[in-house]
Amino acid sequence: MDRYTPAQIEAKWQAEWNTADVFKAKADTSKPKYYVLEMFPYPSGNLHMGHVRNYTMGDVIARYKMSTGHNVLHPMGWDAFGMPAENAAMASGGHPKDWTYANIAHMRDQMKPLGLSIDWSREFATCDPEYYGQQQALFLDMLASDLVYRKNAVVNWDPEDMTVLANEQVIDGKGWRSGAEVERRELTQWFFKISDMAGELRGALENLDNWPAKVRLMQENWIGQSRGLQFSFSLINGPDGRDGIEVYTTRPDTLLGASFVGISPDHPLAKQLEEDNADLAAFNAECRKGSTTEEALEKADKMGFDTGLRVRHPLDTSWELPVYVANFILMDYGTGAIFGCPAHDQRDFDFATKYDLPITPIYLPDADSAPELTEAYVPAKTDVVTYVKGFAGEAQQTGAAAVDAAIAFCEGEGVGQGKTQYRLRDWGLSRQRYWGCPIPVVHCDACGVVPERKENLPIRLPDDVSFDIPGNPLDRHPTWRDCDCPSCGKPAQRETDTMDTFVDSSWYYSRFTSPNATTPIDSDEAAYWMNVDQYIGGIEHAILHLLYSRFFARAMHITGHLPASAVEPFDALFTQGMVTHEIYQTRDTKGRPVYHLPEDVTDGKLADGTEVEIIPSAKMSKSKRNVVDPQIIVDTYGADTARWFVLSDSPPERDVEWTASGAEAAHKFLGRVWRLAQDIAQSDAPANDQDDALLRDMHKAIHDVTGGVESFGFNAAIAKIYGFVATLSKSKAGAAAKQEAMRTLAQLIAPMTPHLAEDIWSALGQTGLVVTAPWPVADEKMLVDDTVTLPIQINGKRRSEIAVPADMSKDEIEKLVLADNAVVKALDGGQPKKLIVVPGRIVNVVI
RNA sequence: GCCUGCGUGGUGGAAUGGUAGACACAGGGGACUUAAAAUCCCUAGGCAGGAAUGCCGUGCCGGUUCGAGUCCGGCCGCAGGUACCA
């Protein structure tokens with residue numbers, strides 16, 4: 001008999017799809033549109049299994065929607081700017097542009113054999129001048145609409161290489177190349193005003209019904225709304241020009257428990273004081289060591305410096321408090337100054353203990369309990385506590401009620417005012433790097449910061465650059481930087497910072513609707529195709545990329561590029577898991593780990609017989625060598641096997657473990673289906689009494705697989721297909737029924753294994769392509785069973801079961817249950833305490 | 001540190017609060033074959049038992065419920081994010 005030969009089948013059907021141009025998307029108002037998008041890849045050089053899984057999931061949705069009468073847009077592009085290209089240039093010469101475009105070419109070649117339903121005519125890379133030129137136009141429009149501004153912000157500074165480092169380039173507080181201790185240094189940088197939209201971005205999460213709840217929650221917490229009091233402590237002995245310190249607190253109810261005021265080392269007052277206080281200058285310098293990450297700041301030892309300044313308590317002006325500079329207070333949040341209440345905040349408690357400051361309890365669990373001062377008492381804000389030093393509201397109230405009362409009281413006394421504050425900070429977009437979108441502004445001695453003229457866009461990156469010394473080559477380029485001021489025409493300098501690559505990925509989804517437009521977006525195309533109906537990508541993008549995209553869509557609406565209906569660009573979101581693999585490890589003579597590629601390991605041994613240590617399920621990474629090259633899998637088993645495997649076994653939102661035996665099994669199964677189709681195509685068995693049972697199973701399969709695909713239960717859909725194939729291959733039904741079942745099966749597997757499906761479809765004599773055939777519809781009448789089996793529990797444990805007609809009444813079921821042998825025996829002549837009958841589900845007899 | 005998830009057989013996993021372990025892998029047994037490969041069939045959570053069956057069992061501790069893998073509280077472990085990796 002013939003064999004299943006994916007290499008031939010897949011090439012053949014891909015050619016057919018190309019000829020018919022079935023994946024080309026064109027606006028067509030006669031059909032409902034459906035826009036499927038997977039997060040576009042970074043062109044690292046090689047496609048990996050995570051990509052295969054991500055794009056296969058999107059492909060299943062795209063193909064399914066095509067078959068249900070939708071006009072589908074399913075594009076692909078490249079998130080092509082970023083650090084790795086510069087690192088490659090530094091490591092091995094060459095140019096980031098050449099490295100990037102070569103990687104794109106290679107990855108496109110790896111992707112095409114997968115048979116994805118992508119409209120390749122819309123492909124672009126974010127490093128194409130046609131793309132980033134439009135991004136520069138967007139930037140200028142945002143600048144004109146007051147959505148962009150400049151301010152100082154801290155970066156990781158490597159004092160030896162004299163360059164700015166990314167957070168991942170700081171290892172244990174030291175520069176990755178120089179090993180020098182990193183410092184936080186301030187630079188003037190460009191910012192998007194995302195924090196102005198914090199309330200809007202937070203509130204609108206509520207309507208994103210088709211987003212995972214966890215992603216919405218993560219964004220909600222990230223934006224972080226709080227209600228508090230902003231007020232001022234008056235300075236008793238402040239330096240010239242300073243008579244108070246503005247603080248923000250979310251716990252004004254603890255104001256009478258204040259024991260110190262703390263300011264950030266970057267607070268203007270701290271900077272002013274350090275000018276003539278060498279000890280404070282040294283302290284601040286110590287605080288500025290290390291990286292800028294929140295994690296590093298939070299985990300750093302808590303340090304304070306007594307400035308000697310004193311402030312008056314606003315509710316009791318005879319009460320004085322000391323002012324400390326403390327490294328755990330961030331200048332970016334609130335006012336950069338706080339008051340400490342040690343009794344009810346563990347960090348303040350530790351600080352007060354260390355510097356011997358008073359600890360005054362404000363509230364207690366109940367009136368009688370003596371305060372224990374071994375740690376801060378921090379109940380939930382919703383718990384009722386007893387205030388012993390409150391000043392507003394009831395003696396017994398929740399923290400939340402006391403905060404509201406305290407704000408009202410203080411406002412009445414003229415002490416500060418209530419304020420809603422967000423954790424979200426403005427989005428710093430300046431990067432001191434070459435391989436990114438140039439920020440289209442010019443610095444002129446006479447005119448200041450001047451936007452480029454739109455007719456001069458794109459401001460292209462120069463090609464003649466080198467990466468032999470650290471730093472941004474644009475900064476030291478002999479001519480690129482020099483230009484004429486767009487305003488006055490005198491000699492001026494270009495901005496040499498480029499944009500954060502998150503900018504590139506914050507609007508690409510809308511550019512796909514009109515990838516060749518000479519404006520950022522063609523409004524007719526955007527009006528037709530937006531929003532993305534289904535967005536698919538990794539959970540690692542839950543906050544930054546998705547939040548920035550939501551901001552950008554709003555900014556693009558404000559600047560007239562997107563309709564109001566597109567401010568939430570992603571109607572539905574799905575976050576998929578990673579592809580993992582075992583790690584094979586041996587040790588060298590010094591005991592250091594040595595990693596081995598999966599293809600070099602057989603039965604836990606290397607070719608020379610050395611046993612390897614197996615470390616289970618880790619994310620595939622080059623350094624651990626636990627990678628499986630999709631190309632090898634496609635060459636060995638075919639694309640359909642790779643697609644089938646990454647969809648089976650694990651639920652899509654969870655990680656999937658790649659195993660060689662699993663891939664082998666997927667391939668065997670597809671071969672079995674192919675052979676079964678050949679058999680059935682040639683069968684001429686007459687119709688018989690088995691036909692009805694087979695067709696009932698077929699309709700159940702249609703129902704279950706459809707439900708699985710629609711709910712992203714691809715693994716569940718595949719389990720049903722396994723079951724249906726087993727039924728079909730054992731069935732004694734006639735040829736006509738079997739052929740109908742097989743035809744339906746071809747349609748059900750078409751989204752997952754499209755080449756195999758086409759081959760079976762044509763083997764069964766169908767004309768046309770399965771990819772354009774309408775999705776089968778289950779006949780409801782064929783889904784209903786006449787009898788159901790009810791398990792009988794006795795005291796919650798399964799002890800027996802009965803088969804009853806599906807429509808039997810509760811009363812009749814109860815009678816049958818009480819007559820059941822196991823129940824009679826357990827009752828031993830007595831009466832049940834309770835009898836619970838859940839129709840169609842279960843019976844529980846409580847004795 | 002903080003935010004968000006996840007934790008079920010030897011393995012990947014299934015299970016609208018309702019029969020825990022579907023489906024698959026690896027394993028064991030068998031058929032076909034001179035033999036092997038390929039293919040097909042059977043078996044399979046643990047413990048006890050010849051079997052029927054019984055007991056235990058979804059990271060750990062406790063709670064709600066007629067009934068908890070699922071809901072609630074506390075802990076442990078792992079993963080993602082933590083604003084310049086993408």
Side-chain angles (χ1 to χ4, degrees), chain A residues 3 39 41-42 44 79 81-84 87 155-156 164-170 194 212-215 217-222 224 291-300 328 332 347 423-433 500-502 505 538-545 547-548 575 577-578 580 582 616-619 645 648-651 653-666 668-669 671-672 675 713 715-716 718-723 726 729 789-793 795-801 832-836 838 840-847:
Chain A
R3 290 176 62 90
M39 290 179 187
Y42 179 77
S44 58
D79 188 13
F81 275 135
M83 262 194 339
N87 292 342
V155 293
N156 300 305
V164 176
L165 299 179
N167 285 333
E168 72 160 10
Q169 295 174 320
V170 180
I194 189 173
K214 65 177 168 184
V215 174
L217 189 57
M218 277 190 257
Q219 290 211 1
E220 193 177 312
N221 290 335
W222 181 262
S291 93
T292 57
T293 65
E294 185 195 339
E295 186 187 5
L297 296 170
E298 280 288 330
K299 285 186 173 171
F328 53 83
D332 287 326
R347 190 183 59 194
R423 201 187 79 100
L424 181 67
R425 309 199 294 258
D426 277 334
W427 171 11
L429 67 121
S430 301
R431 296 293 180 271
Q432 296 70 44
R433 273 186 260 290
D500 178 7
T501 56
F502 273 124
S505 56
I539 185 68
E540 66 272 23
H541 295 295
I543 295 173
L544 294 180
H545 162 61
L547 187 60
Y548 290 157
T575 55
M578 299 178 298
T580 63
E582 291 174 329
S617 297
K619 178 178 177 172
F645 180 83
S648 59
D649 276 25
S650 273
E653 67 276 16
R654 278 217 246 166
D655 296 348
V656 62
E657 165 103 9
W658 182 275
T659 61
S661 54
E664 174 98 28
K668 280 183 188 172
F669 175 74
R672 194 151 74 230
R675 282 193 306 276
N715 57 324
I718 282 178
K720 298 295 179 189
I721 291 171
Y722 271 108
S729 62
T789 303
L790 288 184
I792 299 176
Q793 293 184 334
N795 289 339
K797 293 197 176 191
R798 186 186 172 282
R799 284 291 183 264
S800 182
E801 64 181 33
K833 277 190 196 146
K834 210 168 183 180
L835 187 57
I836 292 144
V838 185
R841 275 280 171 203
I842 204 166
V843 177
N844 193 8
V845 186
V846 186
I847 294 169

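By convention in this document, chain letters (A, B, ...) are assigned in the order of the sequence lines, proteins followed by strands, and residues within each chain are numbered from 1. Please read these numbers as outputs of a predicted model, since none were measured by experiment. Side chains included, hydrogens not; waters and symmetry mates left out as well; all remaining heavy atoms used.
Atom name C1', nucleotides B/G49 and B/U34: the rounded distance is 43 Å, in whole Å. For B/U82 and B/C72, the C1' atoms lie 29 Å apart once the distance is rounded to whole Å. B/G13 sits 14 Å from B/A26 when the C1' atoms are compared, rounded to a whole Å. For B/U39 and B/C61, the P atoms lie 45 Å apart once the distance is rounded to whole Å. Separating the P atom of B/C3 from that of B/G73 is a span of 14 Å, rounded to the nearest Å. B/C6 and B/G67 have their C1' atoms separated by 26 Å, with the value rounded to a whole Å. A distance of about 32 Å separates the C1' atoms of B/G62 and B/U11, rounded to the whole Å. With both ends at atom C1', the span from B/U19 to B/A14 equals 14 Å, rounded to whole Å.
Classification of the A/F502-A/Y548 ring pair by plane angle, with boundaries at 30° and 60°, yields perpendicular.
On a pure distance criterion of 3.5 Å, a polar donor-acceptor pair joins the side chain of A/R841 and the base of B/U16.
The phosphate of B/C66 (OP1 or OP2) has a side-chain N or O of A/K834 nearer than 4.0 angstrom. Within the structure, a side-chain polar atom (N or O) of A/R431 is placed less than 4.0 Å from OP1 or OP2 of B/C84. For A/K797 and B/C56, the shortest distance from a side-chain N or O to OP1 or OP2 is below 4.0 Å. The side chain of A/N715 places an N or O atom within less than 4.0 Å of a non-bridging phosphate oxygen (OP1 or OP2) of B/A14. Side-chain N/O atoms of A/N844 include none lying less than 4.0 angstrom from OP1 or OP2 on B/G67.
Between the side chain of A/R431 and the backbone N or O of A/D500, no donor-acceptor pair lies under 3.5 Å. Between the side chain of A/N844 and the backbone N or O of A/I836, no donor-acceptor pair lies under 3.5 Å.
Base orientation for B/G9: syn, the chi torsion being within 90° of 0.
For A/E653 and A/K214, the salt-bridge test fails: no basic side-chain N is under 4.0 Å from an acidic carboxylate O.
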